[in-house]
Number of protein chains: 2
Amino acid sequence: MNAIARRKSLDPGQPHVMEGDASHDFANVTSGVAKLVRGAEDGRRQIVGLLFPSDFIYGSLGKSEPAGAPHSIEAVSSLELCIFPRLKFEELLRDYPSLEFKLLSRTLDELQIAREWMVLLGRKTAEERVASFFLYVTQKMNNLGCQGQTNFDLPLGRADIADYIGLTLETVSRQISKLKKDGVVGFEGTKHVIYVDREELEKRAGF
Amino acid sequence: MNAIARRKSLDPGQPHVMEGDASHDFANVTSGVAKLVRGAEDGRRQIVGLLFPSDFIYGSLGKSEPAGAPHSIEAVSSLELCIFPRLKFEELLRDYPSLEFKLLSRTLDELQIAREWMVLLGRKTAEERVASFFLYVTQKMNNLGCQGQTNFDLPLGRADIADYIGLTLETVSRQISKLKKDGVVGFEGTKHVIYVDREELEKRAGF
DNA sequence: CGCTTAGTTGAAGCGAATCAAAACTAGTGG
DNA sequence: CCACTAGTTTTGATTCGCTTCAACTAAGCG
């Protein structure tokens, strides 16, 4: 597996793939966080997913003429990727069925997350969205760093959070201020989280 | 494949799976349309996906202790399913790699659609949402019935459309009225579409 | 036909967006 | 170490698009 892999490093903000690019290869995030972004000419943006270490980036599978990438992939923090050329990767899938099964299982998880987010974007209030976001991030952080550590940096700035949960950055800021005032989350500076009341967040996150 | 399949028929409105149900088997839609629904106690609902003939229903793959279903699956019109018991189906996947590959490919398509919908729910205006919905449905209908036929029944009523695109049914109704008035779509009754100006719809659908 | 459900239309209210400005952070170089 | 600048975050005032509430109309069905 390592034999066919190529490494790539990206600085914060740099794109790995641009919307519409003829695409491409598969990859694996080994360190850092990336965002999947869809943007309009008029400035509107929607983040459709975050990639954490161990997450996959899918090329266009089995398509003879790969379509343009549906969204850009950009580094949020310093990002390390492990890239697999498309054809080589598909060979690999054929040769190692357990790898393909794993990939299918992961993809179903991603689909589940996307649908969860559809509920958030379609039906939740501003407060519920922000609370849900905090729950999602703390869960991710715990899975990675393992264990109940409520002490980590938010992977996104206010503007990116807004684009992820379908609000404006002003509304996000106001809701975070409210959570701070109510003692539901604690901050050190603007990005570093030092305290989280998970139970209260769940109450405020809605369904 | 047919050897392990069981058939099931559902009337409009009937559930195949309820939210939270211990789940389950895999299935294939052979006829009709189904909706995937997530609902809150306070009445809010979000449809996170539609299933047309040939679409798959996923059970909990490879999980030793299947989690509760994240959303219910309900018949929209008369629905015919082909059901495969979970363990049998997983055997099948092991024995026929090409089936698994196909399934992976389909799942990636579903993920793409879900993310497209995240953009709609997070950033589009009411008019853009309704236009996008019409484009989506006409495309689906053409794929199924094949060829440029702009003559079909909407698979959903106003309330379900609203729950699919994250609006209220009143707003949906107003936007459809506007499209009719502007000659972008034509109706016979309230559900039967007899004319669609695809180009104009695309203009109004936003990004 | 009456009856029930689904869809349309109107008026008023509200939550989040927008517009605007101040406060805070972080980097840079004197 | 501090002043200076550019970018981010917070806070405030106002506006606007969609929701809500309400009444009416059309369509499907025993």
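Residue numbers start from 1 in every chain, and the chains themselves are labelled A, B, ... in the order their sequence lines are given, proteins ahead of strands.
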Quiz item: So what does Ser173(B) hit on the nucleic acid, given a heavy-atom distance under 4.0 Å: a base, only sugar-phosphate, or nothing?
Solution: base
Quiz item: Taking the six-membered ring of Tyr164(A), is NZ or CZ of Lys35(A) closer than 6.0 Å to its centre and within 45° of its axis?
Solution: no
Exercise. Specify the residue among Lys124(A) and Val172(B) whose closest nucleotide of DNA chain C lies further upstream toward the 5′ end.
Key: Val172(B)
Quiz item: Which part of the nucleic acid does Lys180(A) contact within heavy-atom distance under 4.0 Å: base, sugar-phosphate only, or nothing?
Solution: sugar-phosphate
Exercise. Could you tell me whether the side chain of Arg45(B) reaches within less than 4.5 Å of the side chain of Ser72(B), counting heavy atoms only?
Key: no
Listing, residues 166-176 of chain A side-chain donor-acceptor contacts under 3.5 Å, not counting sequence neighbours, or none:
| unit_1 | atom_1 | unit_2 | atom_2 | d |
| --- | --- | --- | --- | --- |
| Thr168(A) | OG1 | Thr171(A) | N | 3.3 |
| Thr168(A) | OG1 | Thr171(A) | OG1 | 3.0 |

Quiz item: Between residues 158-167 of chain B and DNA chain D, which residues have a heavy-atom gap below 4.0 Å?
Solution: Gly166(B), Leu167(B)
Exercise. Would you indicate whether the side-chain heavy atoms of Asp153(A) and His192(A) approach each other to under 4.5 Å?
Key: yes
Quiz item: Over how many whole Å does the gap from Asp153(B) atom CG to dA6(C) atom C1' extend?
Solution: 15 Å
Quiz item: Do Glu80(A) and Val29(A) come close enough that some side-chain heavy atom pair is under 4.5 Å?
Solution: no
Exercise. Calculate the interatomic distance between Lys178(B) atom NZ and dT8(C) atom P; express it in whole Å.
Key: 15 Å
Using the 3.5 Å cut-off, write out each protein N or O paired with an N or O of nucleotides 10-12 of chain C and the distance between them.
| unit_1 | atom_1 | unit_2 | atom_2 | d |
| --- | --- | --- | --- | --- |
| dG10(C) | N7 | Arg174(B) | NH1 | 2.9 |
| dG10(C) | O6 | Arg174(B) | NH2 | 3.3 |

Quiz prompt | Bounds of contact between DNA chain D and chain A, in 5' to 3' order, using a heavy-atom cut-off under 4.0 Å | solution = dT9(D) to dA13(D)
Quiz item: Would you call Lys140(A) and Leu50(A) a side-chain contact if the rule is heavy atoms closer than 4.5 Å?
Solution: no
Exercise. To the nearest Å, give me how far apart NZ (Lys181(B)) and P (dT8(C)) are.
Key: 14 Å
Exercise. Please state how far atom CD in Gln175(B) lies from atom P in dT9(C), giving the value in whole angstrom units.
Key: 12 Å
Quiz item: Is Arg123(A) salt-bridged to Asp163(B), cutoff N-O under 4.0 Å?
Solution: yes
Quiz item: Can you tell me how far C1' of dG7(C) sits from CD of Glu188(B), to the nearest Å?
Solution: 17 Å
Practice problem: Look at all strands and tell whether Thr168(A) reaches a base, only sugar-phosphate, or nothing, counting heavy atoms closer than 4.0 Å. | Solution: base
Exercise. Examine dA17(C): is either OP1 or OP2 under 4.0 Å from a nitrogen or oxygen in the side chain of Thr171(A)? Give yes or no.
Key: yes
Quiz item: Looking at residues at least two apart in the chain, or sitting in another chain, which of them share a ring pair (Phe, Tyr, Trp, His ring centres under 6.0 Å) with Phe26(B)?
Solution: Phe89(B)
Quiz item: Between Cys82(B) and Arg7(B), is any pair of side-chain heavy atoms under 4.5 Å apart?
Solution: yes
Self-check item: Donor-acceptor pair, side chain of Arg129(A) and main chain of Ile165(A), under 3.5 angstrom
Solution: yes
Self-check item: Length of the CZ-C1' vector between Arg123(A) and dA16(C), whole Å
Solution: 16 Å
Practice problem: Would you mind listing every side-chain hydrogen bond (donor to acceptor under 3.5 Å, both in side chains) that reaches into residues 110-119 of chain B, with sequence neighbours excluded? | Solution: Arg38(A)-Glu116(B), Glu110(A)-Arg115(B), Arg115(A)-Glu110(B)
